[in-house]
Amino acid sequence: MKDLTKIEEILLLSIWELKDKAYGFKIRHHVSNIIGKDFTYGNLYSALDRLTRKKYVSKRPGESTSQRRGKTRMYYTLSSAGIEALKSACVLNQKLWAGLKPCSFETQSK
Amino acid sequence: MKPSRSKFPKFGDWLLRLFARYDVNPHLRGDFDEEFSFIYETKGYGRAWFWYWTHLLRSLPVFIKDILYWRFVMYKNYLKTALRSLKRHKVFSFINIIGLSVGLACCILILQYIKHEFSFDKFHENSGYIYRILQHQKGNIYQGTDIFNTTPAILAPSAREDFPHDAKLTRVKNYERQVRFDNKQFYEKRFLYAEQEFLDIFSFPVVKGNPKTALKEPNTVMITREMAQKYFGEKDPLNKIINIDNKQDYRITGVLENVPDNSHLKFDFLASFSSLLSTWGQNQLTSWQNSSVRTYIKLNKNSSPQKFNSQLKKYDTVGFGGHPASFHLQPLLDIHLGHKVAFDLPGKGDMRYIYLYSAITLFILLIACFNYMNLSIARSFSRGKEIGVRKVVGAKRKSLISQFLGESLVLSLFSLVLALFIVRLALPVFNYLIGRNIQFDLLTNIVFVFCLIGLGIFAGLIAGIYPAIFLSSFKPTTVLKGRSESISKSTTSLRNALIIVQFAVSVCLIICALVINQQLHYIKNTKLGLDKDSIITIPMPNKRMWEKYNVFKSELSQQANILDITASKSLPTEIDNTAQVRLGGKNQGETLRVWVNWVDFNFIDFYKMNIVQGRNFIKESPQDLENAYIINETAAKAVGLEDLRGKKLGRGQIIGVVEDFHFAPLHSEIQPLVLMLDPGSLKVLSVRINSNDISNTLSFIQNKWKRIFPDFPFVFSFLDERIESMYETEMKLGQSFNYFTLIAILLSCLGLLGLASYMAEKKTKEIGIRKVLGATVPNILVLLTREFTRFVFLANIIAWPIAYFAMNKWLQSFAYRIDIGLWIFAVSSLLALFMALLTVSYQSIKAATANPVDSLRYE
């Protein structure tokens, strides 16, 4: 299995966290908050498509609201492969950070 | 507060619908709307609107990138299917690729030709302001026109004096000169005299020397790079002295770049005009009668051709033979392709040839495209299933059209590559046929590369558009049920029309080729009225040489293989001097335009012409040397048919009448001619030799020449070859038609071959059943070939009038011509029919002799 890119990891985590509310608008806001930058719909859907093709997420159309002028939401949920990918990413991260105190660079630079 | 429907950005939504990914399109637009309403409710319309647009514009690049990615994947699929279908249908692909590449190769060559023809004289910086002065001598018809490109020598100096602020002028005079440096001596045909302004008006780059002063002094000359190499090798030619005509010494004052092929003025030597003074004398240079120089002019920005034309009215004068002469400007850029004028320089282009070649090329490309259309449509029923399946799976008509167009584009681009190879191979032949030297170098010409790709795409579209529309219109239910025959029936009429057009073009070309070749044959075998065989001609342009003429003559006559020798001003087939003579007798007061040749006394015997009345010249008779004229029959008729003895013409005494002979190409009728004796005007030697052992005789003559004329180059030509070269244009036209006809027939037959094999395949079952029911092999052959025979007949009916009209027009340019006989039409029709049947027969015989069991066993 290929390693996830950072943005894929963030997206998968966001979808996981948003649970059954994971659709375009919400995911974009969540990701933008995390990375602290405006994450565009263009990038979002391009990345979501890559995840869909890798079968890490599945999509299903949902309900619509009057704010959306009748256009339905597209909900994304993690597939089992997606969860596996997240797990291995988590292990990799832990290995990377093992023995290091997170965010304590000040001490190191002494 | 929620935004009302009208507040949503409509144009933005439309843009998104256009560019956002297909699979999530509505959801994505929904997300945009939802966020828009969210910001609208919290921060107001302005902010929401601003967010919508900035976000949309930021997202757009990614959307577009995605679209391109998917398009590319789709095109990859089309390309794959296209290549697969090319590979699977080998005969089909072969026919189409060969046809299209030959068609494209023809197109590329013709495009190059047209480009070259239109580029003439454009390289001059001021080409738009340069003109040549033409002289109109009303009524003085010469070479089919009364407009001359030569002007009096005094015209340019007068205009320079009268209108100093309007224009720059230069006189130009071309000569053939003998040039000698050390032991190298040659006749140089491209020897030009011009004034200092020449280099100012035209942009011929100067490599060495000062262009401001190089042509000022008399007896100075500039040479081209090529000539510098020829005479001086690696040495510096500047200030070297070359000898001209064994008379004068010219100093070299500069080196010019070689004159480009696309210049109408071509020269190797450019001498100062003032050098002519010593040979011409002041009188000639200031005479309004000496119309032998060309005048070029560059108008200043403050003048205009209209204005200058009216200024030229001042110089209206009386020209040759009392015809009124006036002058007007001709733009430099019109010279190469413009109307014919008298004394045109060799190598002039002809718009008619450009039209002709373009039309033929277009026809050939069309034949190739028709082949593609025909074969694609014929094949359609075997592709019906593929189309049906694609449609059932969800292919839209638009995408099917682009698939089939893609296939034809792949094919035509394939052919384009092959065409480039063909062009490489055919270029020498083509250059020979059009008499030009066109280079073909792709790398230096990016624009041309794009033109080529454009051409390939154009051909692909022409060939593919109809089949694409037609194939994509299939209804899946019909084709998948296997009723494809009903489809192919609906296109039969179009297919037939295409075949008929193809064959009409071929038949047309066959007729033209036959007529042209017949006329050429006629020209070659027409009795000229003189014996032209085994005669070599040696130019002796210098007067000094004629002092030793008799010595040379007696030296030569010692050799047994040299039968006779004579001399004349012009060769009897190329007489180009005219004069006006006053008629005597009852036509007193009238003048007659006659052609004149000055000859040696044995000229008539030498060329085995017949004296029909009176007598020949008598050797060394002072009377004859004084004023004896021998005229031809046409002149005799013009003078009056009675007894001519003692009759006068002008100041000459008519002593005899010679039988008419063709002293000019067969384009014009025989004109009145006068032969007279004048040892001082002779210019060319004719030697009749024995046709065995020519090379020994030639080397004998050359040895004698070297001894007697050590200062003059030995150059010779055979008279019959010179005569043939007068019809070079026609000969080359004939050859081009032969090539083009061959190509057209080949392509038509290739198309027919492909079609025939599909027809035979389609009719396999029908043939099987017919055979079972008792049809014989000939019966079936007739069945299979009947249709094609009918096409060829229809094609003939279309082609005949077109070919007749065109060829009749062409033949009008000859005063002596063949009649277009019915047999030419019959032969070309039979030829076309024979070719068609030959092509079809292989498939037909195979189908007719097949065992019906094989074709019917699956029924």
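As the structure is a prediction and not an experimental result, all values here were calculated from the model. Each chain gets a letter, A, B and so on, in the order its sequence line appears, and its residues count up from 1.
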Peer 1: I'd like to know if the side chain of B:H27 pairs up with that of A:T72 as donor and acceptor (distance under 3.5 Å, no hydrogens or angles considered).
Peer 2: yes
Peer 1: Taking everything shown except B:R88 itself, do over 12 heavy atoms lie less than 6.0 Å from its CZ?
Peer 2: no
Peer 1: So for A:Y75, is it side chain, backbone, both, or neither that comes closer than 4.5 Å to the heavy atoms of chain B?
Peer 2: neither
Peer 1: Flag the pair B:E41 / A:Q67 as yes when at least one side-chain heavy-atom distance between them is below 4.5 Å, and no otherwise.
Peer 2: yes
Peer 1: Distance only, no hydrogens: is a donor on one side chain within 3.5 Å (strictly under) of an acceptor on the other, for B:E35 and A:Y41?
Peer 2: yes
Peer 1: Check whether any side-chain heavy atom of A:F25 lies under 4.5 Å from a side-chain heavy atom of B:F32, and answer yes or no.
Peer 2: no
Peer 1: Are there over 12 heavy-atom neighbours, none belonging to B:F458, within less than 6.0 Å of that residue's CZ?
Peer 2: no
Peer 1: For B:R47, does the CZ atom have more than 12 heavy-atom neighbours from other residues, nucleotides or ligands under 6.0 Å away?
Peer 2: no
Peer 1: Sort out for me which of B:F8, B:F63, B:Y69 touches chain A most, counting heavy-atom pairs under 4.5 Å.
Peer 2: B:F8
Peer 1: Checking B:F36 against chain A: side chain, backbone, both or neither under 4.5 Å from a heavy atom?
Peer 2: neither
Peer 1: Mind checking the CD-NZ spacing from B:E34 to A:K26? Nearest 0.5 Å is all I need.
Peer 2: 7.0 Å
Peer 1: Can you tell me how far apart CG (B:L60) and OG1 (A:T40) are? Round to the nearest 0.5 Å.
Peer 2: 10.5 Å
Peer 1: Please lay out, stage by stage, how B:D33 and A:R68 fare under the test salt bridge (charged side-chain N to carboxylate O under 4.0 Å, His left out).
Peer 2: CA-CA 5 Å; B:D33 283 354; A:R68 298 179 65 91; over 6 Å; no
Peer 1: Locate the shortest heavy-atom distance separating B:S59 from A:G42; write the atom from each residue and the value.
Peer 2: OG-N, 3.3 Å
Peer 1: Salt bridge or not between A:R73 and B:D31? Use side-chain N to carboxylate O under 4.0 Å.
Peer 2: no
Peer 1: Between B:L28 and A:K71, does a side chain to side chain contact (heavy atoms under 4.5 Å, CB included) hold up when you go through it step by step?
Peer 2: CA-CA 9 Å; B:L28 193 148; A:K71 283 161 286 220; over 6 Å; no
Peer 1: For B:W51, does the CH2 atom have more than 12 heavy-atom neighbours from other residues, nucleotides or ligands under 6.0 Å away?
Peer 2: yes
Peer 1: In Å, rounded to the nearest 0.5 Å, how long is the span from CG of A:N43 to CZ of B:R58?
Peer 2: 8.5 Å
